[in-house]
There are 2 protein chains.
Amino acid sequence: MTPLQSNTRDKIVDAAMELFAYNGYGPTGLSEIARKAKVQQGSLYHFFPTKEELLAAVLERRKVLLWPEVLQEIWDRFDDPIERVFKLLDQYRMMLQVTEFSHGCPIGNLAIELTESHPNSRRLIAENFDNWLKAVEQCFHEASRRLPDTADPRRMAIFVLTTMEGAVMLARTYRDFRAYDAAISSLREYIEGLIEAGTSWDSRKKPASRRGDRG
Amino acid sequence: MTPLQSNTRDKIVDAAMELFAYNGYGPTGLSEIARKAKVQQGSLYHFFPTKEELLAAVLERRKVLLWPEVLQEIWDRFDDPIERVFKLLDQYRMMLQVTEFSHGCPIGNLAIELTESHPNSRRLIAENFDNWLKAVEQCFHEASRRLPDTADPRRMAIFVLTTMEGAVMLARTYRDFRAYDAAISSLREYIEGLIEAGTSWDSRKKPASRRGDRG
DNA sequence: GTCTATACAACGATAGAC
DNA sequence: GTCTATCGTTGTATAGAC
């Protein structure tokens with residue numbers, strides 16, 4: 001009912017968001033969140049009766065931040081949709097490098113930690129993945145002129161996401177980029193293979209369907 | 001110095017292994033482990049002075065179990081190395097199905113939970129990945145006659161692992177197999193594309209026979 | 001809406017009898 | 001090597017004054 005959003009609430013969500021990404025949800029104590037947010041622990045319970053409601057607010061905020069904090073700069077700087085996808089993968093690589101492998105994918109981390117034990121949060125995690133997938137799917141949709149008719153933008157987006165999540169997991173485990181770079185280069189090979197197939201025997205594409213498929 | 005391995009120790013490691021896979025390392029209490037193993041909590045500290053030493057024993061045991069519990073049956077039933085890889089991926093799918101998405105990859109879970117906070121265990125987790133990668137790499141090495149010379153078995157194995165880990169993560173989050181199946185089908189498309197490339201412009205490669213042993 | 005004090009449970013780890 | 005009792009800490013959540 002208050003017309004103005006309380007600043008305290010935002011500080012709490014921001015602090016929790018960072019700590020959940022860094023330490024995980026379970027290991028992060030509410031007192032730690034209050035300390036980092038520089039609010040009193042009582043305020044915390046004023047806005048979020050339970051820890052899991054705070055988690056929900058964090059996951060809602062992550063959904064909002066996908067565009068301004070993850071995609072926007074890349075989308076502004078690069079117009080080519082395929083390039084956008086690989087710049088996005090570069091960005092996760094840079095994040096690993098800058099943080100010395102201490103930050104992984106904040107959504108992927110919570111997915112593994114919480115899907116089983118916190119069914120309510122599972123849905124919000126899925127929505128975060130959904131939005132990410134939609135953005136990447138849109139890239140492949142926009143590049144469809146270069147791709148075979150059989151190429152499925154949604155399926156390609158899923159492949160990009162699974163590769164990224166797996167690659168981040170291995171980079172953090174090995175604390176180097178060998179596996180990460182290997183996975184991304186295979187993904188690139190796959191997508192460039194599709195582009196080749198899409199432009200070679202189909203260079204004047206899109207008028208309608210044509211035969212000529214595999215074999 | 002005891003010539004005979006204590007049975008109590010094994011019971012503890014087995015119970016801990018299962019609970020760590022199911023609930024994670026942090027959320028699993030030592031009393032819970034003792035209860036499940038049906039030993040007294042004192043015994044636990046007799047064999048493992050700290051919880052992290054028990055974790056190390058669990059991760060060492062996972063390394064030992066890779067062959068008999070994950071690979072052997074598939075390797076026995078299927079000779080074709082490419083088929084072995086995809087049957088392995090099928091097996092993770094079946095595990096998800098049988099456990100109703102409650103079990104993911106036990107190593108991947110611990111990787112994300114512990115790489116940052118438990119540097120000592122990180123090395124053992126990496127060794128588990130290494131052994132898995134070696135087994136899959138060996139498959140692609142054995143199939144090299146069907147693959148282009150440029151194909152790198154190690155890099156392909158990494159791609160299989162990242163895809164599997166990402167696919168398991170999404171399956172558990174969505175609690176259905178749409179993303180899992182999409183990712184695996186893209187991976188299959190990638191690998192079959194390599195096989196096509198390997199046999200088309202190179203069909204008389206490597207003197208050995210390579211004629212229909214599929215199925 | 002802020003702040004202090006505290007209830008109540010669970011945790012990892014330890015001591016010491018047997 | 002087994003078992004019980006318990007220490008000291010930390011966790012989430014609450015109560016109630018202001």
Side-chain angles (χ1 to χ4, degrees), chain A residues 1-59 109-110 113-114 116-121 124, chain B residues 1-59 109-110 113-114 116-121 124:
Chain A
M1 275 308 186
T2 31
L4 212 52
Q5 177 84 304
S6 159
N7 193 25
T8 303
R9 197 193 128 103
D10 287 350
K11 288 197 289 184
I12 293 167
V13 173
D14 281 345
M17 184 166 58
E18 197 162 322
L19 289 167
F20 290 170
Y22 192 82
N23 300 322
Y25 172 75
T28 300
L30 293 171
S31 56
E32 196 182 354
I33 294 169
R35 197 183 332 125
K36 185 180 178 70
K38 286 173 183 140
V39 303
Q40 294 297 328
Q41 201 160 340
S43 308
L44 226 143
Y45 282 98
H46 174 70
F47 292 103
F48 306 101
T50 67
K51 190 184 180 185
E52 199 168 0
E53 290 180 67
L54 172 55
L55 171 62
V58 165
L59 289 169
N109 293 350
L110 294 175
E113 182 184 356
L114 303 171
E116 187 56 26
S117 51
H118 295 68
N120 295 346
S121 308
L124 280 165
Chain B
M1 281 307 185
T2 31
L4 213 52
Q5 178 85 302
S6 160
N7 193 27
T8 304
R9 198 195 127 102
D10 287 350
K11 286 197 288 185
I12 293 168
V13 173
D14 282 344
M17 184 165 58
E18 197 162 322
L19 289 168
F20 290 169
Y22 191 82
N23 299 322
Y25 171 75
T28 300
L30 292 171
S31 57
E32 196 182 353
I33 295 169
R35 197 183 330 123
K36 185 179 177 71
K38 285 172 183 141
V39 304
Q40 294 297 328
Q41 202 160 338
S43 308
L44 227 142
Y45 282 98
H46 173 71
F47 291 104
F48 306 101
T50 68
K51 191 184 180 187
E52 199 168 359
E53 290 180 66
L54 172 54
L55 172 62
V58 164
L59 288 169
N109 294 350
L110 295 176
E113 183 184 356
L114 303 171
E116 187 55 27
S117 52
H118 295 68
N120 295 345
S121 307
L124 280 165

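Order of the sequence lines fixes the chain letters, A, B, ..., with proteins taken first and strands second; residue numbering starts at 1 for each chain.
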OP1 or OP2 of D:dT2 versus the side-chain N and O atoms of B:H46: is any pair under 4.0 Å?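 Checking D:dT2 against B:H46, no side-chain N or O comes under 4.0 Å of OP1 or OP2.
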
Quick one: is D:dA13 close enough that its OP1 or OP2 comes under 4.0 Å of any side-chain N or O from A:T50?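 Result: no.
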
Between [X] ([atom1]) and [N] ([atom2]), how many Å, whole number?
X: A:E53; N: D:dT14; atom1: CD; atom2: P; value: 11 Å
X: B:K51; N: C:dC11; atom1: NZ; atom2: C1'; value: 8 Å
X: B:F47; N: C:dA13; atom1: CZ; atom2: P; value: 17 Å
X: A:Y45; N: C:dT4; atom1: OH; atom2: P; value: 16 Å
X: B:N7; N: D:dT2; atom1: CG; atom2: P; value: 10 Å
X: A:N23; N: D:dG11; atom1: CG; atom2: C1'; value: 15 Å
X: A:F48; N: D:dT14; atom1: CZ; atom2: P; value: 16 Å
X: A:L19; N: D:dG11; atom1: CG; atom2: C1'; value: 15 Å

[Y] and [X], any side-chain heavy atoms less than 4.5 Å apart:
X: A:Y25; Y: A:E52; result: yes
X: A:L54; Y: A:F47; result: no
X: B:S121; Y: B:L59; result: yes
X: B:F48; Y: B:V13; result: yes
X: A:T8; Y: A:H46; result: no

Shorter than 3.5 Å, N or O on both sides, protein versus nucleotides 16-18 of chain C: list them out with atom names.
none

DNA chain D contacts among residues 31-44 of chain B, heavy-atom distance under 4.0 Å: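 When residues 31-44 of chain B is checked for heavy atoms under 4.0 Å from DNA chain D, the hits, listed by number, are B:Q40, B:G42, B:S43.
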
Could you grab the distance from atom OH of A:Y22 to atom CG of A:N109, nearest 0.5 Å is fine?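 Reported to 0.5 Å precision, the distance equals 12.0 Å.
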
Could you say whether A:P27 or A:P49 is positioned toward the 5' end of DNA chain D, judged by the nucleotide with the nearest heavy atom to each?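 Upstream on the strand: A:P27.
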
Check whether B:Q41 reaches the backbone of B:L30 with its side chain - one donor and one acceptor, N or O, closer than 3.5 Å.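 No, the answer is negative, given that no donor and acceptor are paired below the 3.5 Å cut-off.
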
Which atoms form the tightest heavy-atom contact between B:T28 and B:L19, and what is the distance?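 Nearest heavy atoms, B:T28 then B:L19: OG1-O, 3.4 Å.
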
Closest approach of B:E32 and B:P27, non-hydrogen atoms and distance?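 In terms of heavy atoms, the two residues are closest at OE1-O, 4.1 Å.
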
